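Remarks on the structure that follows.
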Amino acid sequence: MDAQSYTAALAELRAVRDDIKKAKAALARLEAQRDQQISLLAAYDKAKAERIAPAAGLSVADIVALAPALAPDSLAGNDNTPAQAPTPETIAPPRAPEPEAAQQPGAAAPAMNTIHPQPAPEAAAPATPTAPDAPQALPSIPEGNTGDAWFTHTTGLASTRPNFTQQARSTVFLDTNTGLLVHRNQTHHLDLGAASAADILTAVFHTVPEGVERIYVTAGDPWHRDADRYPYLRDTVAAWLNAPIPGWRTDTGRGRDRMAGHFVHARNPVGRYQRENGEQHVEIRSVGEWFDVDGDDPAVVRDAFVLLWQALRRHWSDAVLMGSPSQTGRDLWTRTIPTRGQYADGFPVLSEELRGLLHATAGQGRNELITPPRVAEQLPQLVEYDRTFAYAKHTWKSPVGAPRRITAATFASWAQKEQMRALYGCGHWQVRVTVPDGWNHVGLLPAPAPGDRAWHYPAEPGTTFTTWAGGPEIHTALANPIAPWKIEILDGILWEDGKPLDDWAKKLKETWSNLSAQAHFQGDPQQARAAHLASRAVRSILLYGIGSFAQRPRMVTGTTPRTLERDVPPDAEIISFDDERITWQKPTGFARDPNAHPDWAAAIWSSARAALLTQRHRDDDTYAGALHTPPGSVIAFRTDALYLTQPQNWPYHHQPGDYLLKGHLTGPLPAPTTEEELLTVRNAGRAALATSREA
């Protein structure tokens with residue numbers, strides 16, 4: 001083959017690649033259409049999986065996975081045969097203990113004879129490919145010196161108090177549907193044309209010639225306007241962000257809060273641009289990062305940000321609202337790092353290996369839909385309870401200090417009192433779990449789920465699985481009000497108890513309380529609405545601030561002209577392309593982020609999951625949560641929310657963590673079998689409750 005033939009063959013290969021990309025998108029649409037048709041057929045009361053399967057070109061198991069109600073009687077839980085245990089290499093998220101997890105009245109004592117220390121598993125080899133229906137293999141800590149070396153901090157990397165003041169950015173608020181622009185106390189009407197990034201920048205800088213550094217889009221979602229041209233919203237957003245703008249290019253970052261390049265997100269993207277001469281920098285962002293806007297005009301949104309800034313200034317004299325709530329949350333937290341005492345020099349960052357382990361084994365919120373036959377096919381009603389400002393309740397204690405490895409042998413050598421003290425402490429434990437015989441309620445601990453879903457919650461009696469969990473989740477399994485589960489300690493990570501987030505969270509909770517009260521008592525409807533939005537923004541600051549501590553491995557997005565295709569990084573994944581440019585992304589691993597503390601995020605998330613199961617209300621001497629409802633009455637978990645078939649008399653005092661009645665839809669109604677169906681009945685329930693309260 002000569003050079004000319006080689007070049008021609010490369011061109012043919014690129015054409016084949018483009019055809020494959022289009023074919024995959026077409027296939028995805030057809031598969032979605034097929035699955036919808038299966039769900040439609042499953043609604044017929046005489047439908048049978050055996051007949052639908054050959055028509056769909058799938059197995060009976062595939063049909064049952066899509067429509068659990070079609071499971072044959074022998075597989076639908078109508079006999080007493082325990083479900084087959086999942087593969088033992090399954091891992092779950094961590095949990096930081098809290099005093100509310102005390103034993104419930106009538107609960108079985110957390111007898112330590114249900115904790116069986118076992119030899120630690122061998123070091124996990126690189127995960128081998130698993131069958132599509134098999135759980136994902138998740139990591140363990142290697143044996144010996146290799147694993148022990150993980151238990152250090154990253155040299156020269158720690159969270160320290162900043163010695164500078166953030167600079168405020170000139171900001172405008174823009175409704176791209178109406179062209180309404182609010183800049184400080186002025187309102188303008190813009191002609192945005194097709195609302196491309198070029199149209200927006202041209203119109204805004206013509207109207208505000210002195211310069212703008214941040215443009216919040218309050219309505220219109222202009223990055224979705226060509227959604228019908230692309231198979232996925234991410235492709236649509238990427239094309240909008242990367243369209244050429246005369247005189248502008250993608251920002252390369254600047255300043256101490258250096259953020260470079262566009263952020264491609266299906267709902268809340270960020271476009272970062274700078275003038276070709278480098279003299280001006282500007283961001284286009286969605287205000288949806290901060291709160292949900294329900295038809296509010298830009299002036300109300302502007303007022304919400306002003307109220308938020310004023311409220312934060314009561315606690316942080318140098319508070320500045322940054323582009324996102326996560327950036328703002330972490331910046332405010334760094335300004336609570338003590339200047340004296342043990343951590344005056346900062347909070348050190350874990351080794352990259354332990355951060356990677358936590359990333360793989362510490363999930364966030366519990367999202368589970370329980371479908372027939374585990375619940376009735378016809379529900380008497382659907383009741384939604386949502387935990388108010390939930391994560392704020394679980395920031396009072398977090399891991400600090402150098403982590404210690406607690407092997408199975410070490411744990412076994414301890415007295416029972418020392419074992420229980422360790423499980424109440426700030427730890428992350430690898431355990432083998434067995435669901436007790438006769439168990440008839442929801443699952444308690446997460447395990448890796450087959451397919452694309454991250455986690456599921458085994459509840460079938462006799463099921464055994466291996467997972468990772470924190471102390472309060474393990475305590476809930478041992479001392480729940482129904483029956484103790486069998487827990488075998490395989491390995492663990494234990495930290496000292498500390499309060500690195502307590503001051504930060506207390507200030508945010510007080511800010512939230514003040515803004516919520518202002519929203520309730522404010523006589524001016526516009527200012528009341530602005531105060532409500534500001535209180536929701538405080539929630540986002542804490543919620544996404546905690547999430548930012550998790551510091552997931554970074555993904556970099558970039559573009560390359562089609563004429564320079566050979567310059568696409570060799571380890572990059574092409575995510576979209578057109579006739580002019582290729583958009584790609586590639587992982588870059590963990591950054592040297594001084595504020596990376598995934599152990600803190602994992603502990604809070606784990607505490608919140610446990611509180612969905614059981615939470616003590618000391619002042620009322622009562623308990624709330626899924627385990628305090630009758631078997632079969634829990635329909636779904638959704639991060640901080642519970643969906644039940646009957647109302648509960650749980651106390652609500654407008655405090656973080658309290659269960660708020662948020663929706664109530666009377667039945668009978670079919671049990672939801674998909675997330676879309678759940679959201680439909682949820683919205684109907686919220687509307688029905690609002691109507692009943694207005695009556």
Side-chain angles (χ1 to χ4, degrees), residues 96 98-101 290-292 294 304 307-308 311-312 325 329 364-367 382-396 472 501-502 504-522 528-547 601 603-620 622-629 634 636-644 647-664 682-683 685-687 689-690 693:
E98 58 180 8
E100 287 78 5
W290 292 86
F291 40 68
D292 291 330
D294 185 15
L307 289 174
L308 173 63
L312 291 173
Q364 193 172 351
R366 178 169 181 170
N367 288 285
L382 187 78
V383 188
E384 178 189 7
Y385 286 94
D386 186 72
R387 295 185 68 227
T388 298
F389 205 13
Y391 287 179
K393 186 177 177 63
H394 306 295
T395 54
W396 65 277
L501 302 176
D502 193 45
W504 173 72
K506 283 180 178 177
K507 290 177 177 179
L508 289 177
K509 283 187 281 189
E510 185 174 336
T511 302
W512 171 79
S513 296
N514 290 339
L515 288 169
S516 297
Q518 191 173 339
H520 182 72
F521 294 108
Q522 173 62 250
R529 177 62 180 171
H532 171 73
L533 293 178
S535 72
R536 298 297 292 173
V538 176
R539 173 186 177 276
S540 296
I541 288 173
L542 186 135
L543 176 70
Y544 295 117
I546 290 169
I604 292 168
W605 293 339
S606 184
S607 296
R609 288 192 301 272
L612 280 176
L613 297 170
T614 179
Q615 173 177 282
R616 184 182 179 189
H617 291 260
R618 293 183 180 276
D619 293 343
D620 300 277
T622 189
Y623 293 84
L627 293 181
H628 303 279
T629 65
V634 179
F637 298 86
R638 192 169 171 81
T639 308
D640 300 326
L642 269 178
Y643 298 85
L644 309 172
Q648 304 295 316
N649 189 28
W650 292 336
Y652 184 74
H653 302 300
H654 301 274
Q655 295 300 310
D658 286 358
Y659 280 90
L660 170 67
L661 177 62
K662 205 165 184 178
H664 190 173
R682 179 201 69 177
N683 294 340
R686 290 180 179 180
L689 181 64
R693 286 172 172 170

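When a residue number appears, it is its place in the shown sequence, counting from 1. Remember, predicted model here, so these are calculated numbers, not experimental data. What's counted below: heavy atoms across the whole structure, side chains too, no hydrogens, waters or symmetry copies.
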Supply the atom-to-atom distance L613 CG to L642 CG, rounded to the nearest 0.5 angstrom. 8.0 Å
For the residue pair L312 and I541, establish whether any side-chain heavy-atom pair is separated by less than 4.5 Å. yes
Within a strict 4.5 Å, meaning less than it, do heavy atoms of the Q648 and H628 side chains meet? no
Between W512 and S535, what is the shortest heavy-atom contact and its length? CD1-O, 3.5 Å
Rounding to 0.5 Å, atoms OH (Y391) and OH (Y544) come to a distance of 10.0 Å
Do L308 and F291 pass the side chain to side chain contact (heavy atoms under 4.5 Å, CB included) test, and can you show the C-alpha distance, the side-chain angles, and the key distance before you say yes or no? CA-CA 12 Å; L308 173 63; F291 40 68; over 6 Å; no
Validation row: R536, D292 side chains within 4.5 angstrom (heavy atoms): no
In the structure I gave you, are the side-chain heavy atoms of L543 and F389 within less than 4.5 Å of one another anywhere? no
Should the pair Y659 and Y385 be assigned to parallel (<30°), tilted (30 to 60°) or perpendicular (>60°) ring geometry? perpendicular
Could you tell me whether the side chains of H653 and D620 share a donor-acceptor contact shorter than 3.5 Å? yes
List the atom of A311, the atom of T511, and the distance in Å for their closest heavy-atom pair. CB-CG2, 3.6 Å
Looking only at heavy atoms, the pair that brings P647 and H664 closest together is CG-CE1, 4.5 Å
Between the main-chain N or O of A531 and the side-chain N or O of Q522, is there a donor-acceptor pair closer than 3.5 Å? no
Show, in sequence, the C-alpha distance, side-chain angles and deciding distance for D658 and H617, and conclude whether the side chain to side chain contact (heavy atoms under 4.5 Å, CB included) test is met. CA-CA 9 Å; D658 286 358; H617 291 260; 3.6 Å; yes
Any R387 side-chain heavy atom under 4.5 Å of T639 side chain: no
What distance separates Q615 CD from Y623 OH, expressed to the nearest 0.5 Å? 11.0 Å
Locate the shortest heavy-atom distance separating L689 from G663; write the atom from each residue and the value. CD2-N, 3.5 Å
Between L307 and L515 the two heavy atoms that sit nearest each other are O-CD2, 4.2 Å
Taking everything shown except K509 itself, do over 12 heavy atoms lie less than 6.0 Å from its NZ? yes
Is there a side-chain contact between L501 and I604 in this structure, where contact means two heavy atoms from C-beta onward sitting under 4.5 Å apart? yes
Do you know which of K662, R682, R686 makes salt bridge (charged side-chain N to carboxylate O under 4.0 Å, His left out) with E384? R686
Should Q518 and N514 count as side-chain neighbours, where that means a heavy-atom distance under 4.5 Å? no
Are L542 and W504 packed together at the side-chain level, in the sense that at least one heavy-atom pair is separated by less than 4.5 angstrom? yes
Can you give me the closest heavy-atom contact between A534 and A304, atom names plus distance? CB-O, 3.5 Å
H654 and T388: side chain donor to acceptor below 3.5 Å: no
Counting N and O atoms only, with roles assigned by atom type, does the side chain of R609 sit under 3.5 Å from a partner on the main chain of Q364, one being a donor and the other an acceptor? yes
